[in-house]
Amino acid sequence: MKALPGSKNFPAGDGLACKRPCLVVITGPTGVGKTNLAISLAEEFQGEIISADSMQVYRYLDIGTAKPSTEEQFRIPHHIIDVVDPDKEFNAAMFVELANEAINFLQERQKSVFVVGGTGLYINALLGGLLDAPGADGLLRERYRKEVLIYGKDYLYGRLKEMDPESAGVIHPNDLVRTIRALEVMEHTGKSITKIQGEHGFKNRPYDYIKIGLSMDRGVLYEKINKRVDRMIDDGLVDEGERLLEMGYDESSLPMQAMTYRNVISYIKGDQSSEDMIRLIKRETRHYARRQLTWFRRDPDIKWFAPEDENMISRAVNSRVLVYS
RNA sequence: GGGUCGGUAGCUCAGUCGGUAGAGCACGGGACUGAAAAUCCCGGUGUCGACAGUUCGAUUCUGUCCUGACCCA
């Protein structure tokens with residue numbers, strides 16, 4: 001019988017226990033092959049999968065998010081997929097909450113836990129905890145957005161410079177999302193988000209974990225991404241976009257503003273040709289993969305493998321577990 | 001065989017009246033703590049086909065060669 005790295009009582013039978021949950025994290029750029037590997041490992045180690053993907057949480061966004069198929073989800077149960085409608089709010093904090101619940105659930109059933117996905121922030125938030133700061137304030141953000149429309153983009157940044165010069169020194173004047181977040185935190189707590197971040201630094205460590213990164217030659221990865229986009233089109237990506245519009249999920253829903261659906265909607269509305277849609281989805285997905293690599297590269301915890309090194313990865317998962325035996 | 005027009009970034013091309021070059025696309029690097037497939041910052045990545053000549057200096061002018069397209073034989 002294989003070891004259960006996520007189980008409370010590993011290894012089974014010898015009375016030694018893993019003091020804290022041990023997670024197996026599998027990450028890497030989009031299209032590298034995380035899903036296949038994770039399913040195979042989950043079968044080998046009798047585990048289940050927690051998806052760490054900020055887009056697969058939305059219902060009805062199936063083809064464009066490369067969501068695991070129903071057959072794949074039948075083979076291995078996936079958690080935190082299809083948990084909200086596309087027009088509902090979702091964020092890193094909600095992910096952490098759901099992931100903690102799922103981990104508890106799996107621990108109780110002696111299942112190993114595979115956290116699989118390419119959303120680096122979600123993984124960091126799960127493993128390191130989020131700031132002790134207030135959550136998103138939709139009304140306040142709306143007010144800020146209106147002020148930008150009236151007074152121009154420099155106005156809000158100017159306010160930030162007055163109220164929180166420390167954060168203004170770190171946030172670029174053009175980065176509206178972070179400017180608004182910093183003002184929001186200041187408004188609610190009177191504290192500088194930059195200061196809070198410095199004190200925090202993702203230092204909570206609720207779980208032990210092994211982080212496995214999948215990587216491959218950049219050119220090969222880009223070729224895979226291009227082909228996957230062609231396949232999405234063949235599989236009916238445009239039909240999926242039309243269905244979503246019929247359901248009332250237009251570009252005012254956040255996930256519909258992400259690279260894939262943004263371009264599908266633009267095509268359906270006649271704003272761009274089919275060729276441009278495909279070209280842009282491919283390009284933006286390649287750029288996304290590059291941004292992911294930038295994020296993961298600086299993480300010293302990640303042990304990197306090629307996707308086909310399944311045996312080595314399997315041994316790494318096992319050996320990590322043996323540390324606790 | 002003769003002629004015409006080309007050969008400049010990964011691609012398509014512009015340009016330099018002689019002072020080592022720039023657009024689009026493609027691409028590279030970075031930031032990131034409650035929107036993260038979001039948001040934002042930085043970067044031209046080059047033997048200007050090769051060799052010689054003229055010149056203080058040649059990617060630019062001249063010659064020869066290589067090479068591609070087309071035209072005439």
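When reading the values below, keep in mind they use all heavy atoms of this one structure, side chains included, and skip hydrogens, waters and symmetry mates. Letters A, B, ... are given to chains in the order of the sequence lines, protein chains preceding strands, and every chain is numbered from 1.
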Assert: residue with more 5' nearest nucleotide on RNA chain B, out of Gln292(A) and Val185(A), is Val185(A)
Problem set entry | Evaluation steps, side chain to side chain donor-acceptor pair (under 3.5 Å), between Asp301(A) and Tyr209(A) | CA-CA 9 Å; Asp301(A) 287 345; Tyr209(A) 56 85; 2.6 Å; yes
Rounded to whole Å, the CG-P distance (Asp276(A) to rC25(B)) equals 12 Å
Check: If you measure from the P atom in rG29(B) to the same atom in rC61(B), how many Å do you get, rounded?
Finding: 38 Å
Testing rA36(B), rG34(B), rU33(B) for proximity to the side chain of Ala93(A), the answer is rG34(B)
**OP:** Answer with base, sugar-phosphate or nothing: what part of the nucleic acid does His287(A) contact at a heavy-atom distance below 4.0 Å?
**Re:** sugar-phosphate
query: What interatomic distance, in whole Å, is found between C1' of rC42(B) and the corresponding atom of rC5(B)?
result: 41 Å
Per-residue pairing states of RNA chain B in dot-bracket (Watson-Crick or G-U under 3.5 Å; . unpaired, | other strand) read (((((((..((((.....[..))))((((((.......))))).)...(((((..]....)))))))))))).
query = Distance-only, no hydrogens or angles: does the Arg141(A) side chain make a donor-acceptor pair with backbone N or O of Ile180(A) under 3.5 Å?
reply = no
>> Any base atoms under 4.0 Å from Tyr122(A), or only sugar-phosphate, or nothing? Heavy atoms, all strands.
In response: sugar-phosphate
### Query
With no hydrogens and no angle check, do the side chains of His78(A) and Glu48(A) hold a donor and an acceptor under 3.5 Å apart?
no
Atom CG of Leu127(A) and atom P of rU33(B) are separated, to the nearest Å, by 17 Å
Between CZ of Arg279(A) and P of rG24(B) the distance, given in whole Å, is 14 Å
Which of rC25(B), rG34(B), rU39(B) is nearest the side chain of Arg283(A)? It is rC25(B)
Per the under-4.0 Å heavy-atom filter, residues of residues 212-237 of chain A near RNA chain B come out as Arg218(A), Tyr222(A)
The single option from Val24(A), Thr27(A), Asp309(A) that satisfies side chain to side chain contact (heavy atoms under 4.5 Å, CB included) with Ile212(A) is Val24(A)
* Taking atom types as modelled, is there a side-chain donor on Asp217(A) or Tyr222(A) under 3.5 Å from an acceptor on the other? -> no
Regarding the side chain of Ala136(A), the nearest nucleotide among rU39(B), rG34(B), rA26(B) is rG34(B)
>> Can you check the distance between rA21(B) and rA26(B), where both ends of the measurement are the P atom (answer in whole Å)?
In response: 25 Å
inquiry  = So Gly64(A), base contact, sugar-phosphate only, or nothing? Heavy-atom distance under 4.0 Å.
reply    = base
Can you see whether Ser51(A) engages Asp53(A) through a side-chain donor-acceptor pair at a distance of less than 3.5 angstrom? no
request  = Say whether Glu240(A) and Tyr261(A), considering side chains only, have a donor N or O and an acceptor N or O under 3.5 Å apart.
outcome  = yes
Asp132(A) CG to rG34(B) C1', in whole Å, measures 12 Å
Whole-Å P distance, rG68(B) and rU54(B): 31 Å
Next on the checklist: For the P atoms, the ones on rG6(B) and on rC13(B), what distance do you get once it is rounded to whole angstrom?
Outcome noted: 13 Å
Could you measure between the two C1' atoms, the one in rC66(B) and the one in rA52(B), and give it in whole Å?
-> 14 Å
### Task
Look at the rings of Phe45(A) and Phe114(A) and say which category their plane angle falls in: under 30° parallel, 30 to 60° tilted, over 60° perpendicular.
tilted
note: Arg181(A), atom CZ; rG34(B), atom P; distance rounded to Å ~ 5 Å
Heavy-atom count check: over 12 atoms from other residues, nucleotides or ligands less than 6.0 Å from Asp132(A) CG? no
- Is Lys191(A) salt-bridged to Glu199(A), going by a charged N under 4.0 Å from an acidic O? no
Quiz item: For Glu147(A) and Arg159(A), what are the C-alpha separation, side-chain angles and deciding distance, and is it a salt bridge (Lys or Arg N to Asp or Glu O under 4.0 Å)?
Solution: CA-CA 11 Å; Glu147(A) 287 175 356; Arg159(A) 281 243 326 252; 3.3 Å; yes
**Report entry** Donor-acceptor under 3.5 Å (Thr285(A) side chain, Ile281(A) main chain)
**Finding:** yes
Respond yes when some side-chain nitrogen or oxygen of Gln197(A) is under 4.0 Å from OP1 or OP2 of rU33(B), and no when none is. yes
Over all strands shown, is Asp53(A) touching base, sugar-phosphate only, or nothing at heavy-atom distances under 4.0 angstrom?
base
Against the side chain of Thr294(A), the closest entry in rG34(B), rG29(B), rA31(B) is rA31(B)
Asp299(A) atom CG is separated from rA36(B) atom C1', nearest whole Å, by 16 Å
>> If I pick the P atom on rU62(B) and the same atom on rG7(B), what distance separates them, to the nearest angstrom?
In response: 14 Å
* Asked: Are the side chain of Glu72(A) and the backbone of Ser69(A) linked by a donor-acceptor contact shorter than 3.5 Å?
  -> yes
Between CD of Glu184(A) and C1' of rU33(B) the distance, given in whole Å, is 13 Å
Inter-nucleotide C1' distance (rU20(B), rG44(B)), Å rounded: 15 Å
Query raised in the report: Gln292(A) and Tyr288(A): side-chain donor and acceptor closer than 3.5 Å?
Result: yes
When all nucleic acid strands are considered with a 4.0 Å heavy-atom cut-off, which category describes Thr65(A): base, sugar-phosphate, or nothing? base
Table of protein N/O atoms under 3.5 Å from nucleotides 40-46 of chain B N/O atoms:
residue : atom : partner   : partner atom : Å
rC41(B) : OP1  : Asn174(A) : ND2          : 2.6

Atom CZ of Phe90(A) and atom P of rA38(B) are separated, to the nearest Å, by 17 Å
